[in-house]
2 protein chains.
Amino acid sequence: MSAAPIRFYFDFISPFGYFAALRIEELAARHNRTVDWNPFLLGITVIKVMGLRPVMETPLKSDYLERDVSRYARKHGVSFERGLRGQIDPSLYAARAHCWVKHHYPDRQAEMGLALYEAYWGRARPLGSPEEILAEAGLPDGVDQAAFLEGMTNGEASALLRSSVDSAIAAGVFGSPTVVVDGEPFWGADRFEDVDEWLRTGGW
Amino acid sequence: MSAAPIRFYFDFISPFGYFAALRIEELAARHNRTVDWNPFLLGITVIKVMGLRPVMETPLKSDYLERDVSRYARKHGVSFERGLRGQIDPSLYAARAHCWVKHHYPDRQAEMGLALYEAYWGRARPLGSPEEILAEAGLPDGVDQAAFLEGMTNGEASALLRSSVDSAIAAGVFGSPTVVVDGEPFWGADRFEDVDEWLRTGGW
């Protein structure tokens, strides 16, 4: 594991972020790389930085996305219980929780990311508070639950997330998932074959 | 060629439409399908229907797109001379010209589409008037040049394009390229493997 980690940028609100999360560790391990998991918030990037509207409020594209997500889940046999329409639970608390666990237990970042994603998209569970996160996703073994709850309420987790969002924007990330390999960004779960080839060949 | 044609929706202004155009006929032929080429105008779809801003005026995404397009061209060895920045020649006349040729010479629609795309993106030539189209892309052998110039100025070509744009929007098309196989839409040149599998298996 001498080479730099792959940077994986995602929002828990993003279904294609979920699909990518299910594959990223295996992809990285195949090339002797680790993964640096970086949550960000599409609400900030898309609306405030890019000046666009949320994708599920965008005519034509929202219909397509709904169909495309369900087609992907069928093809890959992925559990996918949550619909894209109607009230979408915000991903803010999930992202804060991930940042806190990653900061204090970096070797648990993949496990925590997958637990949150599987609860949110795979089982359509709400992650709208620290208590719901404990109940629905849980914490990896060995993570201090009292310290977690403290960090989720005393501003520590939110400060960590703000820093994660800022660094995603500074890296030019605008969509979820984005994978950055040695400075080269790839947007979209459908670019994993390119990521794989870039890792194998060193780029073109 | 008994099955329905594949519907290929594209804007000549779209570099990924160009990349897709270079592959779509071969992909269809492999499955004994023909291709129905349908130009539309992203300017109408993106700005008027979807309420977004042009992609090259969108922060973060415009930088990524520029890098992604050039990366694709290098990987696939595609001629690509036109930059994405600065003054982009509009695709209106190219789209009108394609609609006119397709209407009167349907078996030349692929040849005309490729000639326009290769002039525009492969050689960075201007296609901003009927005369420039004749000089830079040319017409397929046997196409009546005087009738073409007449149709480009008497409103026929523009009416055909309006109809093509309307039918793209009615089909839910919002991005270039979009390929529709038996009612199933696939957005993006990076989805050609899915299109291929859908054609081979009949879907999932």
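Throughout, a chain's letter reflects where its sequence line sits, starting with A, and its residues are numbered from 1. What you are looking at is a predicted structure, and each value in this text was computed from that prediction instead of being measured.
Going from atom CE of A/Met50 over to atom CG of B/Leu60 covers 6.0 Å, rounded to the nearest 0.5 Å. Atom OG1 of B/Thr58 sits about 9.5 Å away from atom CZ of A/Phe174, to the nearest 0.5 Å. Note: B/Leu52 CG to A/Lys61 NZ = 7.0 Å, rounded to the nearest 0.5 Å. Taken to the nearest 0.5 Å, the CH2 atom of A/Trp187 stands 8.5 Å off from the CG atom of B/Asp190.
Within residues 116-124 of chain B, no residue approaches chain A closer than 4.5 Å by heavy atoms.
Ranked by non-hydrogen atom pairs under 4.5 Å with chain B, the options A/Glu57, A/Arg74, A/Arg67, A/Glu193 are led by A/Arg67.
With contacts defined as side-chain heavy-atom distances shorter than 4.5 Å, the pair B/Arg71/A/Glu184 qualifies.
Only the side chain of A/Thr45 comes within less than 4.5 Å of a heavy atom of chain B; its backbone N, CA, C and O stay farther away. For A/Asp63, no part lies under 4.5 angstrom from a heavy atom of chain B.
The two residues B/Arg53 and A/Gly51 come nearest to each other via the heavy atoms NH1-CA, 3.5 Å.
Here B/Ser164 pairs with nothing under the side chain to side chain donor-acceptor pair (under 3.5 Å) rule; sequence neighbours left out.
Counting non-hydrogen atoms of other residues, nucleotides and ligands closer than 6.0 Å to CZ of A/Phe8 gives a total above 12.
Ionic pairing of B/Asp194 and A/Lys75 is present here: one or more N-O contacts between side-chain nitrogen and carboxylate oxygen are shorter than 4.0 angstrom.
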